[in-house]
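I have placed the structure first, in the form of structure tokens, so that the comments after it can refer back to it.
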Amino acid sequence: MSAGIIQEQVASAITNALLQAQQRGSLQSAHFPQPVVDFPKREEWGDLSSSVAMLIAKQEKRPPLEVAHVIADQLQASCTFLEKVSVAPPGFLNVTLRPDCWLSVLEEIERTGDRYGHSKIGQGQRVLLEFVSANPTGPLHMGHGRGAALGEALARLLRAAGYEVDKEYYINDAGRQMKLLADSVYARYLEMHGRECSFPEDGYHGDYIKTLAQAMDREKSIHLLTLNPEDARRECGQWASHELVRAIKEDLAQFGVEFETWYSEASLFSSGRIQAALHDLEQRDLVFTQDGATWFRSSRFQDEKDRVVCKQDGDYTYLASDIAYHFDKVRRGYEWLINIWGADHHGYVPRMQAVIKAFGYGDDCLRVVLVQMVRLLRGGKKVEMSKRAGEFVTLQDVVDEVGADAAKFFFLMRRSDTHLEFDLELAKKQSAENPVYYVQYAHARLASLFRTAQERGFFVSSVGGAPLSALVQPEEIRLIKQLSSFPGLLEASAKALEPHRITFYLLELAGFLHVFYYKHRVLPPRVDDAKEESSGEPDHDEESSALVREVLSRELTMARLVLLKQVQTVIKNGLLLLGVSAPEKM
RNA sequence: GCGCCCGUAGCUCAGUGGACAGAGCAUCGGCCUUCUAAGCCGAGGGUCGCAGGUUCGACCCCUGCCGGGCGCACCA
């Protein structure tokens, strides 16, 4: 449902009409649903429409159309801000507002400014949003970029919806992958010094491993060749993971994504949290021993089978870390946990839900958002990647080539659980074909307009001081309507954890702006322009021109400037939620 | 074999159970003496994978099938 102030106003007017009709005995129901108020599919049907009559037709035991008429009559009688109320089959209620109603939207935007659209639905609930969390075994790639953009946008969106959000990166700095990293670096190190060695079977082959070994040789005071292989390996592992985490932080910072906390998996071991968490479960008989391994009774919580947490060889599994980690999350006081995972881990979700339930929390305490793969294209042709051979396009490569803004916008143009095609050529293009520029250009265009206006002595006034009744053109009303639906959009996007809706909204709003801008002038032509025009030939192609010939009074200029100011505010608010900049100049 | 996700215009994708299913790209044809043409306008294009069901009403919910992706470890 939309929560824009106009939509709310109409919804409550309908509710009132329902209750009044009920009192007068023309409706029978004891309870009515909250009326859904939306834009009708076609503008000519009215400003707003509601399907409430069809929803209650059944309980009223009357045809929807008849119910709609009852509501319409009541609305018409009691509601002064509606210019027209009509009914359309099969039972839609269409209303047209008095034009001045829409102007309150502009006041609302001016009053709330960069908080326009924000809500309190989160009620200050504390949310831990964990994302990216890539192993520090190499640089971040495209897929991580998508997760990073989504996480950042979600954090901003949820904060705007009244949640208290912390962003966290879980560093997988323990276990097999780290051992492989250590071995790989050590092998390159030995190689560098002409020592014979065999490169580990599943090691990391990328050139960055050689770079790490070289940097280590340069910057470390101890010579690794003087150490025994075990110590040398450990040195390599620690150095490499430290360096890679540092590089990952840098990449993310350049991408415009920062975290409140970086949580080390290794710290779960050293602090004894793993044993503590497992002990907690054991006391409630949710952990048992069999075949020399320790198991978690996840099957009690709708997982398909029990899972090993400590192997026969005494090592903990990844799940053990996750149990301890998520236990710690809720113990730190977070009421809602959101994890953003690659879709290839979806099979892991029931297990993790079982963990949460085992600690006594409900299903809705943990929400896992899955992110599908990114297919990288260049001018329509697939860019081949092979992680095995260490050949993949890094996030850094993409940011360098197309910029952080374009990259983020592209990552947020699709629902997260569908595959995404990312065309580097398109993302770089500086034209209307490139969606990110299309939206940013709308913002910059307005900034430029305001600069010119100021030079010419037109200052954007406050909404209250502007002659807004001059705003009657369809393109103007359409803009205001679109602005009015922004709060509802944010609420729905936050509830669904779907920032891509904001992307689509902005493209639409920018489109409306560009159309308006093309059809109408805001500032009067300069004196010399006017002279040119009058000395020019008489207009032959009046018909063919899309431009609206209109008298541009000072009032109209002032009113349009105020309207466009609010448009600019909303574009900016939207872009900032996506983590994309709103440039003043392009 | 079991589980999850996806099948919507030539391509990439939107579409909280509501009206004649939308956008961008691509194709074709137009618009710069205008406050930013990084812009605008017009045209063509569809069995919403298939078949049932629920509903006053289904692209949306349920069941089955077909096609694609991904999972099903004492790996992470």
Side-chain angles (χ1 to χ4, degrees), chain A residues 1-2 36 38 40-42 45 49 51 54-55 57-58 63-65 88-92 94 135 137 172 174-178 180 202 291-295 304-305 307-313 315-319 321-322 342-350 370 372-373 377 380 413-415 417-421 423 426 429-435 437-438 440-442 444-453 455-456 458 488 492 495-496 500-501 503-504 507-508 511 513-515 517-526 528-529 532-533 536 541 544-547 557 585-586:
Chain A
M1 179 181 345
S2 299
V36 177
D38 228 323
K41 210 156 212 167
R42 288 164 186 277
W45 292 336
S49 103
S51 58
M54 292 179 282
L55 288 177
K58 191 158 204 171
L65 209 55
F92 284 100
N94 292 324
N135 293 338
T137 54
N172 297 115
R176 196 179 112 84
Q177 303 302 323
M178 289 315 296
L180 273 176
D202 301 316
D291 304 332
T294 310
W295 300 68
E304 56 190 17
K305 53 183 268 198
R307 308 288 175 177
V308 171
V309 288
C310 187
K311 296 183 275 181
Q312 277 177 343
D313 64 10
D315 283 352
Y316 288 111
T317 63
Y318 188 82
L319 180 61
S321 303
D322 268 339
D344 53 341
H345 289 76
H346 71 262
Y348 204 76
V349 175
L370 298 174
Q372 269 293 2
M373 303 208 3
L377 306 176
M413 273 200 307
R414 299 283 176 260
R415 244 178 42 218
D417 63 344
T418 62
H419 289 267
L420 169 74
E421 291 206 341
D423 196 316
L426 178 59
K429 227 176 244 182
Q430 305 207 340
S431 77
E433 288 168 62
N434 185 344
Y437 284 111
Y438 187 80
Q440 287 184 315
Y441 180 59
R445 214 175 195 188
L446 290 176
S448 164
L449 172 67
F450 299 139
R451 284 192 298 268
T452 310
E455 281 165 24
R456 301 230 218 130
F458 293 97
K495 279 181 183 160
H500 76 275
R501 298 187 192 197
T503 317
F504 280 88
L507 285 165
E508 207 173 8
L513 185 268
H514 289 310
V515 171
Y517 195 89
Y518 178 77
K519 282 195 177 176
H520 304 283
R521 285 193 64 90
V522 176
L523 304 176
R526 283 197 191 81
D528 45 338
D529 290 347
E532 292 270 359
E533 234 168 71
D541 54 348
S544 69
S545 171
L547 292 164
T557 292
K585 273 184 186 164
M586 286 175 76

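Below, all heavy atoms of this structure are taken into account, side chains as well, without hydrogens, waters or symmetry copies. Note that this is a predicted model, so its numbers are computed, not measured.
At the phosphate of B:G15, OP1 or OP2 sits under 4.0 Å from a side-chain N or O atom of A:Arg415. Residue A:Lys58 has a polar side-chain atom (N or O) positioned under 4.0 Å from OP1 or OP2 of B:C56. Between A:His514 and B:C31 there is no side-chain polar atom (N or O) within less than 4.0 angstrom of OP1 or OP2. Close to B:A37, at under 4.0 Å from its OP1 or OP2, lies no side-chain N or O of A:Tyr437. Contact annotation: A:Ser51 does not reach the phosphate of B:G57 (side-chain N/O to OP1 or OP2, under 4.0 Å).
In B:C20 the O4'-C1'-N dihedral to the base is within 90° of 0, which defines a syn nucleotide. Classification of B:C70 as anti follows from a glycosidic angle more than 90° from 0.
With B:A76, B:C5, B:C40 as the choices, the nucleotide that has an atom nearest any side-chain atom of A:Asn135 turns out to be B:A76. Across B:C35, B:U12, B:A19, the shortest atom-to-atom separation from the side chain of A:Lys41 is found for B:A19. The side chain of A:Arg521 has B:U34 as its nearest neighbour among B:C74, B:C40, B:U34. Counting only heavy atoms from C-beta on, A:Arg445 has its side chain closest to B:A37 among B:C6, B:A37, B:C13. Out of B:G3, B:C6, B:C35, the shortest distance to the side chain of A:Leu523 is found at B:C35. Side-chain atoms of A:Trp45 lie closest to B:C20 of the nucleotides B:C20, B:G71, B:U16. Checked against B:C70, B:C74, B:U12, the side chain of A:Asp344 finds its nearest nucleotide in B:C70. Here the side chain of A:His346 is nearest to one of B:C40, B:C6, B:G71, namely B:G71. Of all nucleotides listed (B:G3, B:A76, B:C74), B:C74 comes nearest to the side chain of A:Asp291.
With contacts defined as side-chain heavy-atom distances shorter than 4.5 Å, the pair A:Met54/A:Pro90 qualifies. Inter-residue side-chain proximity for A:Asn172 and A:Gln177 is flagged as unmet; no heavy-atom pair is nearer than 4.5 Å. At a threshold of 4.5 Å between non-hydrogen side-chain atoms, the residues A:Arg307 and A:Thr317 do not count as touching. Taking the side chain as every heavy atom from C-beta outward, A:Arg414 and A:His500 never approach each other to under 4.5 Å. For the pair A:Leu449 and A:Leu523, the minimum side-chain heavy-atom distance is below 4.5 Å. By the 4.5 Å heavy-atom criterion applied to side chains, A:Arg451 and A:Lys585 are counted as neighbours. Residues A:Leu513 and A:Leu446 form a side-chain contact, since some pair of their non-hydrogen atoms from C-beta on lies under 4.5 Å apart. With contacts defined as side-chain heavy-atom distances shorter than 4.5 Å, the pair A:Phe458/A:Val522 does not qualify.
Going from the P atom of B:G68 to that of B:A23 covers 31 Å, rounded to whole Å. Using atom C1' as the reference point in both B:G64 and B:U54, the two lie 15 Å apart (nearest Å). Taking the C1' atoms as reference points, B:G22 lies 12 Å from B:C59, given to the whole Å. Distance noted for atom C1' between B:G7 and B:G46: 15 Å (whole Å). When the P atom is used for both B:U47 and B:U8, the distance is 12 Å, rounded to whole Å. To the nearest whole angstrom, the two C1' atoms, one in B:C60 and one in B:G44, are 29 Å apart. Taking the P atoms as reference points, B:C48 lies 12 Å from B:G10, given to the whole Å. Rounded to whole Å, the separation between the P atoms of B:C31 and B:U12 comes to 33 Å.
Using a 4.0 Å heavy-atom criterion, one finds that A:Ala57 contacts no nucleic acid atom at all. Residue contacts for A:Gln177: at a heavy-atom cut-off of 4.0 Å it reaches the sugar-phosphate backbone alone, with no base atom in range. The residue A:Asp313 sits apart from the nucleic acid: no heavy atom pair falls under 4.0 Å. Within the 4.0 angstrom heavy-atom criterion, only backbone atoms of the sugar-phosphate kind lie near A:Thr418; the bases stay farther away. The residue A:Ser49 sits close to a base: some heavy atom pair falls under 4.0 Å. Nucleic acid contact for A:Pro40: base, since at least one base atom lies under 4.0 Å from a heavy atom of the residue. Within 4.0 Å (heavy atoms only), A:Asn94 reaches at least one base atom of the nucleic acid. Using a 4.0 Å heavy-atom criterion, one finds that A:Val515 contacts the sugar-phosphate atoms exclusively. Using a 4.0 Å heavy-atom distance criterion, A:Tyr517 is classed as a base contact. The residue A:Phe504 sits close only to the backbone: its heavy atoms come under 4.0 Å of sugar-phosphate atoms, none of a base.
In this structure, B:U16 forms no base pair with any nucleotide, since neither Watson-Crick nor G-U wobble geometry is met with both distances under 3.5 Å. Across the strands present, B:C61 finds its partner in B:G53; the criterion is a Watson-Crick or G-U wobble pair with both atom distances under 3.5 angstrom. Across the strands present, B:G24 finds its partner in B:C11; the criterion is a Watson-Crick or G-U wobble pair with both atom distances under 3.5 angstrom. In this structure, B:C31 and B:G39 make a Watson-Crick or G-U wobble pair, each of the two defining distances being under 3.5 angstrom. Pair check for B:G67 finds B:C6; Watson-Crick or G-U wobble, both atom distances under 3.5 Å. B:G1: Watson-Crick or G-U partner is B:C72, with both key distances under 3.5 Å.
Regarding A:Leu507, its CG atom lies at a distance of 13 Å from the P atom of B:A14, rounded to whole Å. One can place CZ of A:Arg307 at 12 Å from C1' of B:C74, the figure rounded to the nearest angstrom. Straight-line distance from the NE2 atom of A:His419 to the C1' atom of B:C70: 7 Å, rounded to whole Å. Distance A:Met413 CE to B:C13 C1': 9 Å, rounded to the nearest Å. Going from atom CD of A:Glu304 over to atom C1' of B:G1 covers 12 Å, rounded to whole Å. Rounded to a whole Å, the CG atom of A:Leu55 is 12 Å from the C1' atom of B:U55. Computed from coordinates, the A:Arg414 CZ to B:A14 C1' distance equals 8 Å when rounded to whole Å. Spacing between atom CH2 of A:Trp295 and atom P of B:A73 amounts to 11 Å, rounded to whole angstrom units.
Annotation: of the two residues near RNA chain B, A:Asn172 and A:Ala444, the 5′-most nearest-nucleotide partner is A:Ala444. Nearer to the 5' terminus of RNA chain B, by closest-nucleotide assignment, is the contact made by A:Pro89 (compared with the other of A:Pro89 and A:Arg176).
The closest donor-acceptor contact from the side chain of A:His514 to the backbone of A:Gly511 lies at 3.5 Å or more, if one exists at all. Proximity of a side-chain donor or acceptor of A:Gln372 to a complementary backbone N or O of A:Leu420 within less than 3.5 Å is not detected.
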